[in-house]
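One structure is given here, and the rest of the page talks about it.
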Amino acid sequence: MTNTDNDRRPKYQRIADSLREAIQSGEYGPGDRLPGENDLMAEHGVARMTVRQALSVLKDEGVAEARKGAGVFVRAFRPLRRRGIQRLAQEQWGGGRSIWSADVENRTLVVDRVRVSEEAAPERISVVLDLAEGDSVCVRRRRFVLDDKPVLLATSYLPASVVAGSAITQEDTGPGGTYARLAELGYKPVHFREEIRSRMPSKDEAKQLSISAGTPVILICRTAFADEGRPVEINEMTLDAASYILEYDFDA
């Protein structure tokens, strides 16, 4: 990094950029401890608050993480590459495979905190699923943990009249998951729409995803449609932004 009088970046940003470059070059690898506050103060001739601001930049970006009483370390978790198109192909769930198998490769995925219930449909859900007043929905809530790191919270809504009595109302939906079961019920998904936004997490989301303050979340709302454009599922997902790379591969 060039550090000259013409460099108008704040001092904390220069330090953060220097550390980031050192991480990207391999000088500090995953799990390595970054220089401590005292070392950085001496090296750059700055106050402790400036050093803390610099380290906060890296933590907020998901590049580094603080370990209580030990210091700040390069984040060891390898981001998950979410293949937005391939994962939803019928050959995935139609062949009895989880749509996650397109993403996780040989990594360890655990689904926990699974809760399934029948509830009154929220208005926003009722409108999209084209439900009549008073219709209920099957609600599936769960958390996805990859390599011991929580990465995603998901809540699915499906018309209760469609899925009643099926494995979709159970915690374990079986091979191929929800979409395979919908196909067996005569509501095979033939089209998907995903809307993507981002924001800062709520306190509960940050706790469930084990993310530090300042790390944003990605919101993906996916709607699955059966034949004749009938919506059969809405899945509202909250992703730890620092844990994901969103990949969309399609022909021109």
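We count residues from 1, following the sequence as given. Computed from heavy atoms alone, side chains included, the values below leave out hydrogens, waters and symmetry copies.
Ring pair F225/H191 is tilted by interplanar angle, where 30° to 60° counts as tilted.
Applying the side-chain contact (heavy atoms from CB on, under 4.5 Å) test between T223 and each of E233, R193, E195 identifies R193 as the sole match. With L58 as reference, L34 is the one residue of V72, V74, L34 to meet the side-chain contact (heavy atoms from CB on, under 4.5 Å) rule. Checking each of R82, R87, R83 against D103 for a side-chain hydrogen bond (donor to acceptor under 3.5 Å, both in side chains) leaves exactly one that passes, namely R87. In summary, of the residues considered (E236, R113, E205), a side-chain contact (heavy atoms from CB on, under 4.5 Å) with L153 occurs for E205 alone. A side-chain hydrogen bond (donor to acceptor under 3.5 Å, both in side chains) with S156 is found for exactly one of R141, R142, R140, namely R142.
In this structure, K207 and P150 have side chains that are not in contact, with every pair of non-hydrogen atoms separated by 4.5 Å or more. Residues Q90 and K188 form a side-chain contact, since some pair of their non-hydrogen atoms from C-beta on lies under 4.5 Å apart. Residues S56 and Y12 have side chains not in contact (no heavy-atom distance under 4.5 Å, counting atoms from C-beta outward). Taking the side chain as every heavy atom from C-beta outward, I234 and R124 never approach each other to under 4.5 Å. Between L40 and L55 the shortest side-chain heavy-atom distance falls below 4.5 Å. In this structure, the side chains of E119 and I125 stay at 4.5 Å or more apart for every pair of heavy atoms. You'll find the side chain of T108 stays beyond 4.5 Å of the side chain of V145, heavy atoms only.
Among all heavy-atom pairs drawn from P201 and P216, the shortest one is CD-CA, 4.2 Å. What you find for D240 and S243 is that their closest heavy atoms are OD2-OG, 2.6 Å. Minimum interatomic distance between I168 and V116 (heavy atoms only, all atoms of both residues): O-CG1, 4.1 Å. Contact detail for L152 and L209: the closest heavy-atom pair is N-CD2, 3.5 Å. A121 approaches S126 most closely through the heavy-atom pair CB-CB, 4.1 Å.
Atom NZ of K11 has 12 or fewer heavy atoms from other residues, nucleotides or ligands within 6.0 Å. More than 12 heavy atoms of other shown residues, nucleotides or ligands fall within 6.0 angstrom of atom OH in Y248. At most 12 non-hydrogen atoms from other residues, nucleotides or ligands lie less than 6.0 angstrom from CZ of R197. More than 12 non-hydrogen atoms from other residues, nucleotides or ligands lie less than 6.0 angstrom from CG of D112.
Taken together through direct or relayed side-chain contacts under 4.5 Å among Ile, Leu, Val, Met, Phe, Trp and Tyr, V57 and V63 form parts of separate hydrophobic clusters. Linking ILVMFWY side-chain heavy atoms closer than 4.5 Å, directly or via other members, places L146 and F144 in a single hydrophobic cluster. A single hydrophobic cluster is not seen to contain both L185 and V190; linkage of ILVMFWY side chains at heavy-atom distances under 4.5 Å, directly or through other members, places them apart. The hydrophobic cluster containing W93 also contains L158, counting ILVMFWY residues as joined when their side-chain heavy atoms lie under 4.5 angstrom apart, directly or transitively. By the rule that hydrophobic residues join a cluster once side-chain heavy atoms approach within less than 4.5 Å of another member, L19 and V51 end up as members of one cluster.
Using a 3.5 Å distance cut-off with no hydrogens or angles, the side chains of Q92 and Y179 do not pair a donor with an acceptor. Under the 3.5 Å distance criterion, with hydrogens and angles disregarded, no donor-acceptor pair is assigned to the side chains of E27 and S25.
No donor-acceptor pair closer than 3.5 Å links the side chain of R33 to the backbone N or O of G71. In this structure, the side chain of S98 engages the main chain of W100 through a donor-acceptor pair within 3.5 Å. At distances below 3.5 Å, at least one donor-acceptor pair connects side-chain atoms of R181 with backbone N or O atoms of T173.
Salt-bridge formation is detected for the pair R20/D17: a Lys NZ or Arg NE/NH1/NH2 atom is positioned less than 4.0 Å from an Asp or Glu carboxylate oxygen. Comment: R78 does not engage D147 in a salt bridge, judged by the lack of any side-chain N to carboxylate O separation of less than 4.0 angstrom.
Expressed to the nearest 0.5 Å, how far CD1 of I211 lies from CD of E65 amounts to 13.0 Å. Distance check, rounded to the nearest 0.5 Å: OG1 of T50 to CD1 of I15 gives 6.5 Å. The line from CG of L88 to CZ of R222 is 5.0 Å long, rounded to the nearest 0.5 Å.
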